[in-house]
Protein chains: 2
Amino acid sequence: MSLNVSGYKRGCSLTELKEKIIETSLTLFDQHGFHGVSVNEIVKACGTSKGGFYHHFSSKDELLFVIHDYFITYVLIKAQEAISESTHPTEKMQKIIQSFVKVFDLYKPHISVFYQESIYLKPPYVEAIKKKRQMYKEIIFSVIKEGIDKGIFRSELPVEITGMSILGMVNWSYKWYKRDGGKTIDEIGDIYVDLILNALLTDKQKEAEIT
Amino acid sequence: MSLNVSGYKRGCSLTELKEKIIETSLTLFDQHGFHGVSVNEIVKACGTSKGGFYHHFSSKDELLFVIHDYFITYVLIKAQEAISESTHPTEKMQKIIQSFVKVFDLYKPHISVFYQESIYLKPPYVEAIKKKRQMYKEIIFSVIKEGIDKGIFRSELPVEITGMSILGMVNWSYKWYKRDGGKTIDEIGDIYVDLILNALLTDKQKEAEIT
DNA sequence: CGATTGAGACCGACTAGTTGGTCTGTACAA
DNA sequence: TTGTACAGACCAACTAGTCGGTCTCAATCG
């Protein structure tokens with residue numbers, strides 16, 4: 001629940017308003033887009049004021065950055081956990097997908113804002129985010145490469161395009177996934193894993209996997 | 001090249017400005033987003049005026065709709081052509097993907113605007129676009145269903161999620177594809193087809209396909 | 001034939017409203 | 001007293017959209 005991550009001790013209600021602003025603007029941005037919501041609307045929805053807002057954020061753009069950074073940092077950590085827990089590329093891939101897909105359930109508005117509004121990030125912020133996005137891609141790429149090197153994934157696969165295909169397939173969920181749809185997020189994750197492994201594994205490995 | 005589709009005779013330069021406004025705003029929206037570009041900036045970039053703009057469009061929102069509608073209509077026609085040309089589900093899927101992927105090369109800004117800015121479409125317009133998007137999805141779903149019914153695609157695949165996976169994988173290209181990247185759009189399309197068919201086909205069919 | 005007319009294409013100053021952001025003031029805790 | 005956390009009136013800049021006017025040119029008329 002808490003966005004505080006510093007680990008420093010702090011007065012118990014110090015950033016209460018800051019968190020409320022983030023949570024509120026997140027749902028508002030999700031519904032109407034970054035430019036579809038004014039600072040006035042945010043503060044009204046929070047029951048606070050312009051003063052309150054600009055006490056915690058230097059600009060509306062900084063708020064957008066904070067949302068972006070919080071999300072990508074979280075996802076990055078989860079992916080690193082996923083690959084460090086396993087040794088087998090198949091298992092790594094499985095863990096990454098399943099952990100990422102869970103994020104769609106927990107942080108849907110974060111994701112929507114992340115993918116929809118990142119063009120509006122101003123230069124000082126955009127580089128920081130780009131860097132972390134690239135790190136995430138590299139994790140996927142490295143798993144594919146490892147799988148190919150070990151003869152588990154098909155050797156004719158181009159690493160980067162295959163990686164982007166997987167990312168695209170999973171990321172696109174934010175456009176259509178709804179919590180009250182027919183399938184749970186875990187079921188959807190399993191389907192993704194099934195499709196991806198069928199696309200990646202060599203025929204020999206596939207036989208081995210089934211048994 | 002021409003957006004004119006009415007079939008009515010018209011003076012040869014009648015809608016020249018309208019097309020220029022569309023083309024110009026397309027690249028501007030692609031770079032800065034719908035709300036990142038003002039009407040003043042559009043008319044300045046076109047060398048025209050407010051009057052010129054509002055002579056052709058009733059509002060900035062209508063311009064956004066025209067861009068959306070032009071693109072989705074084009075894609076829809078291409079997909080219908082693709083499935084009517086073939087009888088075999090595998091071939092249909094292949095044709096759809098390859099024709100769609102070509103669009104990324106030809107209409108990159110259209111696509112970016114289509115996926116990024118559709119939340120800003122106003123109610124009268126948004127329904128019209130939604131309808132056509134749904135039609136496109138149905139085409140994909142029907143091909144998958146047909147493949148399963150004919151025993152060509154794996155029967156355990158859930159039609160809709162598989163369809164959305166394919167759509168996501170291909171659509172996501174708009175986030176990263178660049179014309180001067182390492183691969184041509186046709187090569188990328190072939191990789192997509194390879195991944196998708198490996199994910200969908202039954203083992204028996206795969207053997208048959210290779211020979 | 002030339003003159004008249006009128007409709008569509010376009011111009012650009014203008015407006016009413018909104019935007020992100022500032023600044024002074026206040027309540028309260030240490 | 002001093003610093004933090006917030007309030008809300010205020011502002012300059014910008015926004016989408018309007019409206020009276022001009023120009024061009026084809027159709028009509030004498």
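Residue numbering restarts at 1 for every chain, and letters A, B, ... go by the order of the sequence lines.
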Looking only at heavy atoms, the pair that brings B/Val143 and B/Phe153 closest together is O-CE1, 3.9 Å

Rounded to whole Å, the CD-C1' distance (A/Glu16 to D/dT4) equals 15 Å

Notebook entry, point to check: Counting only N and O atoms by type, is there a donor-acceptor contact under 3.5 Å from the side chain of B/Arg133 to the main-chain atoms of B/Ile72?
Noted result: no

Side-chain N or O of A/Thr48 closer than 4.0 Å to phosphate OP1/OP2 of D/dA7 = yes

D/dA7, OP1 or OP2 - any side-chain N/O from A/Ser49 closer than 4.0 Å? yes

In this structure, NZ of A/Lys130 is separated from NE2 of A/His68 (nearest 0.5 Å) by 12.0 Å

Rounded to whole Å, the CG-C1' distance (A/Asn40 to D/dG8) equals 10 Å

Here the distance between atom P of D/dA5 and atom CD1 of A/Ile21, to the nearest Å, is 12 Å

Of B/Gly51 and A/His35, the one whose closest nucleotide on DNA chain C sits nearer the 5' end is B/Gly51

note: A/Glu41, atom CD; C/dG17, atom C1'; distance rounded to Å ~ 14 Å

In whole angstroms, the gap separating P of C/dT22 from CD of A/Glu62 amounts to 12 Å

Report yes if a side-chain nitrogen or oxygen of A/His56 is closer than 4.0 Å to either non-bridging phosphate oxygen (OP1 or OP2) of D/dC6; otherwise report no. yes

In whole angstroms, the gap separating P of C/dA13 from OH of B/Tyr54 amounts to 17 Å

Pairing of B/Glu16 and B/Lys20 as salt bridge, 4.0 angstrom limit: no

Separation of C/dT19 atom C1' from A/Lys50 atom NZ, nearest Å, is 8 Å

B/Lys44 NZ to D/dC14 C1', in whole Å, measures 12 Å

query: OP1 or OP2 of D/dA5 less than 4.0 angstrom from a side-chain nitrogen or oxygen of A/His55, does that happen here?
result: yes

message = Any base atoms under 4.0 Å from B/Val43, or only sugar-phosphate, or nothing? Heavy atoms, all strands.
response = nothing

Determine, using ring centers only, whether B/Phe100 and B/Tyr136 are less than 6.0 Å apart. yes

